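Each remark here refers to the structure printed beneath this line.
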Amino acid sequence: MAATVIRDRLLTDLPDAPMSPEAVLAEFESTLLPLCKNEASPRFMGFGDTGDDQCALMGTLLADLTQQNMINQSFDSPSATFVEIATVRWLRELLGYDNPAVAQVCSVWDVGGFITPGGTTSNSVAMMLARENAAPDTMRTGVRDPSRCAVVVPAAIGHYSVKAALTWIGCGANLIEVATNGFRYDLAALTEALREHEGSVMAVVAYAGDSRTQTVENLRAVADLVRDSDPGIWLHADACWGLLATFSPRLSGLVDGIAEFDSVTVDPHKIMAIPYGLSALLVRDPSVLRLVSTYSDLIMQEDFAFGQVTPFIGTKGWLSLKLWMMMLGHGRAGLAALAERRVAAAARFAGLVDAHPRLVRINEPDLAAVAFAYLPVGIAADGVADDPAIARVNALNVAIHDRIIDQGQWHLHQFTVPDDLGRLRRGAILQPLRFMANNPKVTEDHMRAVLAYLDDLAAEAEGIQQ
Ligand SMILES: *Cc1c(COP(=O)(O)O)cnc(C)c1O
């Protein structure tokens, strides 16, 4: 349904008369619910943030019903604060960060991280830490020299949140984009960029699973290279997707080296079937969070008041309860099985794509994402496609995606991404489709059915174009 139609139906005046709770609920059921997306449907294959883990749902409801406030501990969240700390420690352990012994956890500055509503907030705090590390006391004085606040990111595959964070924290949109190869940094180009911009780089960001193809960076190689070049540079890993690999000893080699990074963002609401929003920022050295702390007599200056260490956030609900319950509900073994099942499902879909004569796969799946394009009649994935051929591929895939959105029966995602593996032509900007294997309800039958559906849409689109 067109947005303006929904707008005209829902932007109504507030009535004078009160409504009963039953009537409010009936209004929700009849007017809003039928128009909601259903990401837990096995036909919704673009993302897969199903948010339907039973224990996580239980935690969501109980957190709302108990109305704890993480800003203070003593009177606001006596037990909830320690659930928050326990989940942060579980996440740290998965990443390979050291945790202090329980008896040494004497304040929020001994925890080594905190829960935020999303990866964007977590990445923003990471950039603040990089800024304070490069220019101590900027919290008090403001940014004095934005030219020394540059952040290195991989070109064309980075997430917008890093650039946005730099603009929000007064550093300016000071990104240095470095060439990639197979959706990972070209290490020679990274070395060269650090040499060229010596003295002005405050952070290097690496993706443990970029937001398009979920390719995991060569984290150890990047960390070694950056430390050799300038040990003062802040190393941040965005593991919004890559946290998944830490669940299983069979997959954790993918993120080898992540514990060398100064900070890591994880996004459980993207990969653990947890309702929005839940992310965490974790730091290698817990004490660095003092660099971005806030002191006020409105926040209790007590040892365990999280309000002191969470920039941008004051009052905060008990977000961590849903994660705590989900992790207890699965245990280490269940989390490992969940991760392995997704990677296997992505491999199965990749196999179906490869066996299809009109499809070309754009990435080698590390995690759960498979990006692929439908090839127009007469165009081969031979690595030497010319510009008109690339334009035809993109036009067909955009037309297919438009029909998918219009019909609302299936969902695959679409974005622009460089052809980093040179399937059509290295460096060409493609607009492929993406399948994501996050939803356990997606079976091989669904995978075959969505590809058959694409055949129909492609035939229809090409019929119109001819
Ligand atoms: C989704 C995502 C983010 C932002 O996280 P939100 O939870 O949407 O705020 C940051 N980085 C990557 C790689 C992501 O995929």
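None of the values given here were measured: they were computed from a predicted structure. Residue indices begin at 1 and follow the sequence shown.
When the salt bridge (charged side-chain N to carboxylate O under 4.0 Å, His left out) test is applied to Arg140, the partners found at least two apart in sequence or on another chain are Asp137. Applying the ring-ring contact (aromatic ring centres under 6.0 Å, His included) test to His411 and every residue at least two apart in sequence or in another chain returns Phe44. With sequence neighbours excluded, no residue satisfies ring-ring contact (aromatic ring centres under 6.0 Å, His included) with Phe312. In this structure, the ring-ring contact (aromatic ring centres under 6.0 Å, His included) partners of Tyr374, at least two apart in sequence or on a different chain, are His356. A search for side chain to side chain contact (heavy atoms under 4.5 Å, CB included) contacts involving Glu198 returns nothing, not counting sequence neighbours. Annotation: salt bridge (charged side-chain N to carboxylate O under 4.0 Å, His left out) contacts of Glu364 (sequence neighbours excluded): Arg361, Arg423. In this structure Asp145 satisfies the salt bridge (charged side-chain N to carboxylate O under 4.0 Å, His left out) test with no other residue, sequence neighbours excluded. Partners of Asp387 according to the salt bridge (charged side-chain N to carboxylate O under 4.0 Å, His left out) rule, which considers only residues two or more places apart in sequence or in another chain, are Arg425.
The closest side-chain heavy-atom distance from Val151 to Val204 is not below 4.5 Å.
If you check the side chains of His236 and Thr265, you find a donor sitting under 3.5 Å from an acceptor. Thr213 and Asp210 are linked by a side-chain donor-acceptor pair at a separation below 3.5 angstrom, with hydrogens and angles left out of the test. In this structure, a donor-acceptor pair under 3.5 Å is present between the side chains of Glu340 and Ser248.
Applying the side chain to side chain donor-acceptor pair (under 3.5 Å) test to residues at least two apart or on different chains, the pairs with a partner in residues 252-261 are Arg220-Asp256. The salt bridge (charged side-chain N to carboxylate O under 4.0 Å, His left out) pairs that include a residue from residues 426-437 are Asp420-Arg426, where partners are two or more places apart or lie in different chains. Among residues at least two apart or in separate chains, salt bridge (charged side-chain N to carboxylate O under 4.0 Å, His left out) pairs with a member in residues 225-249 are Arg227-Asp262. Residue pairs satisfying the salt bridge (charged side-chain N to carboxylate O under 4.0 Å, His left out) criterion with at least one member in residues 80-96, sequence neighbours excluded, are listed as follows: Glu84-Lys316, Glu93-Arg332.
The ring of Phe306 has its center no closer than 6.0 angstrom to the ring center of Phe114.
The number of heavy-atom neighbours closer than 6.0 Å to CD of Glu192, taken from other residues, nucleotides and ligands shown, is above 12. With a 6.0 Å radius and a threshold of 12 heavy atoms from other residues, nucleotides or ligands, Asp98 has its CG atom at or below the threshold. Remark: Trp324 CH2 is loosely packed, at most 12 non-hydrogen atoms of other residues, nucleotides or ligands lying under 6.0 Å away.
At distances below 3.5 Å, at least one donor-acceptor pair connects side-chain atoms of Gln308 with backbone N or O atoms of Glu302.
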message = Test side chain to side chain donor-acceptor pair (under 3.5 Å) on Ser200 and Ser147; report intermediate values, then the result.
response = CA-CA 6 Å; Ser200 59; Ser147 73; over 6 Å; no
